[in-house]
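Here the structure is laid out as structure tokens; the discussion comes afterwards.
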Amino acid sequence: FVPRSTAPSGTSIRVAETNGNGFLSTGGAAGNTGGTYDIATDDVTFTVTAGISYTDVNFAAVQVSRLLSDGQQTLLPGATGFFQHTFDVFTTGDVVFTTQTVNNPSAITFPTILFHDVNCNGQVDSGTDVILTPTTAISLVANETVCLLYRVDVPAGVQNGATSSSVITATFDLANTSPTIQEVLTRTDLVNVNDTEAGLVITKTVDQVQALPGTPLLYSINYVNNGDT
């Protein structure tokens, strides 16, 4: 990008970047302007001197990450439910996953575990898949996907109408940014307890939230029988 201006010497110039939809600014350079880049406003400001050609005023941006998708299931007392999620990144960095659950009634505890589904097969594989804790950081490169399985156990004897709502948070620190740029994405999984309506659960997910015409889309349809027949 080569800024051009007919402003007289001594004039203050501001060159700003406007990101496209779904992109995040990660930095910039003032080139030979002698000015400064400000990531907060994503712009370069400098003072013009007549007869100088200003070059190398650059801006950096990456596509924002995405966490898919919200889930909801109706389960029997004593049953176990699994929720699938995917976290896609388009640049290098480290991600940490955390969970926070609100139960109703609040005195009831729904045990939960978050797994890294390493081979993305939608099930927990002993010896391969690992439990993720708030201190487990996963290092990723551009265009990599992390598959998650969130397990919720419904206590036996819970009455109809009880619920458990969990928020899964992905905190992604982008590499090579100073100060560190951080993305925070969330999804919610809801469990409703009902011993008359629980049974076959069908969930459908797609690997892209938006796509150009002609782009292949991969749909995953999962059937789970939470009943006793």
Side-chain angles (χ1 to χ4, degrees), residues 64-89 95-136 138 145-172 183-211 216-229:
V64 297
S65 306
R66 61 189 182 190
L67 179 62
L68 304 173
S69 44
D70 296 331
Q72 181 173 334
Q73 294 185 31
T74 300
L75 299 175
L76 294 164
T80 296
F82 286 91
F83 296 88
Q84 293 180 264
H85 300 278
T86 56
F87 178 67
D88 302 319
V89 299
V95 64
V96 172
F97 296 97
T98 57
T99 63
Q100 185 174 12
T101 302
V102 175
N103 299 319
N104 183 28
S106 59
I108 300 175
T109 299
F110 288 68
T112 63
I113 305 175
L114 182 63
F115 293 93
H116 179 190
D117 183 10
V118 176
N119 60 4
C120 297
N121 66 349
Q123 61 185 27
V124 178
D125 298 314
S126 178
T128 302
D129 297 341
V130 297
I131 297 175
L132 296 176
T133 70
T135 60
T136 305
I138 303 175
T145 296
V146 178
C147 294
L148 304 172
L149 276 176
Y150 187 57
R151 171 175 170 165
V152 180
D153 295 323
V154 181
V158 175
Q159 294 183 346
N160 284 351
T163 62
S164 179
S165 179
S166 297
V167 175
I168 298 176
T169 301
T171 304
F172 183 52
E183 292 183 89
V184 179
L185 298 92
T186 62
R187 286 294 180 180
T188 301
D189 291 330
L190 176 63
V191 170
N192 296 295
V193 179
N194 192 314
D195 60 8
T196 59
E197 295 182 3
L200 181 63
V201 176
I202 303 175
T203 61
K204 183 175 71 171
T205 58
V206 64
D207 65 337
Q208 299 186 58
V209 294
Q210 58 183 0
L217 298 176
L218 178 63
Y219 286 89
S220 299
I221 300 177
N222 296 279
Y223 300 85
V224 179
N225 181 17
N226 294 312
D228 56 2
T229 57

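Everything numeric here is computed off the predicted structure, so don't read it as measured data.
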ask   = Should Leu132 and Ile138 be marked as a side chain to side chain contact (heavy atoms under 4.5 Å, CB included) after you check the CA-CA gap, both sets of side-chain angles, and the distance that decides it?
value = CA-CA 9 Å; Leu132 296 176; Ile138 303 175; 4.0 Å; yes
inquiry  = Set out, in order, the CA-CA distance, both residues' side-chain angles and the distance that settles side chain to side chain contact (heavy atoms under 4.5 Å, CB included) for Asn119 and Asp125, then state yes or no.
reply    = CA-CA 9 Å; Asn119 60 4; Asp125 298 314; 3.1 Å; yes
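Listed by chain and number, the residues in a salt bridge (charged side-chain N to carboxylate O under 4.0 Å, His left out) with Asp70 are Arg187 (sequence neighbours excluded). Scored by the side-chain contact (heavy atoms from CB on, under 4.5 Å) test, Asn104 finds Thr163 as partners (sequence neighbours excluded).
Side chain of Asn103 to main chain of Ala107: no donor-acceptor pair is present (N/O by atom type, distance under 3.5 Å, no hydrogens or angles). Side-chain atoms of Asp207 come within 3.5 Å of backbone atoms of Leu218 as a donor-acceptor pair (strictly under, hydrogens ignored). Using modelled atom types, no side-chain atom of Asp88 and backbone atom of Arg66 make a donor-acceptor pair closer than 3.5 Å. When atom types are taken as modelled, the side chain of Gln84 and the backbone of Cys120 share no donor-acceptor pair closer than 3.5 angstrom. At distances below 3.5 Å, not a single donor-acceptor pair connects side-chain atoms of His116 with backbone N or O atoms of Asp129. Side-chain N or O atoms of Asp189 include one that pairs as donor or acceptor with a backbone N or O of Gly71 at under 3.5 Å.
A heavy-atom distance below 4.5 Å is not found between the side chains of Leu75 and Phe110. Residues Pro155 and Thr109 form no side-chain contact, since every pair of their non-hydrogen atoms from C-beta on lies 4.5 Å or further apart. The shortest distance between side-chain heavy atoms of Val124 and Phe82 falls below 4.5 Å. Contact annotation: the side chain of Arg151 approaches that of Thr80 to within less than 4.5 Å [non-hydrogen atoms, C-beta and beyond]. Contact of the Thr169 side chain with the Val184 side chain is registered, since non-hydrogen atoms from C-beta on lie closer than 4.5 Å.
The minimum heavy-atom distance between Ser65 and Leu185, with the atom names listed, is O-CD2, 3.3 Å. Between Val96 and Pro134, the closest heavy-atom pair is CG1-O, 3.1 Å. Closest approach of Val158 and Ala162 over heavy atoms only: CG1-CB, 3.2 Å. Listed here is the closest heavy atom pair of Pro77 and Val154: CA-CG1, 3.8 Å.
Applying the 6.0 Å contact sphere to CD of Gln159 captures no more than 12 heavy atoms from other residues, nucleotides or ligands.
Between Phe97 and Phe87, the ring planes are perpendicular. Angles over 60° get that label, and only those under 30° would be called parallel.
Going from atom CD1 of Ile113 over to atom OG1 of Thr133 covers 12.5 Å, rounded to the nearest 0.5 Å. In this structure, the separation between OG1 on Thr112 and CG on Asp153 is 8.5 Å, given to the nearest 0.5 Å. Between Gln208 atom CD and Leu217 atom CG the span is 5.5 Å, to the nearest 0.5 Å. With values rounded to the nearest 0.5 angstrom, Phe83 atom CZ is found 7.0 Å from Leu190 atom CG. Rounding to the nearest 0.5 Å places CG of Asn121 at 7.5 Å from CG of Leu149.
Screening Leu114, Leu68, Thr205, Ile168 against His85 for a side-chain contact (heavy atoms from CB on, under 4.5 Å) leaves a single residue, Ile168.
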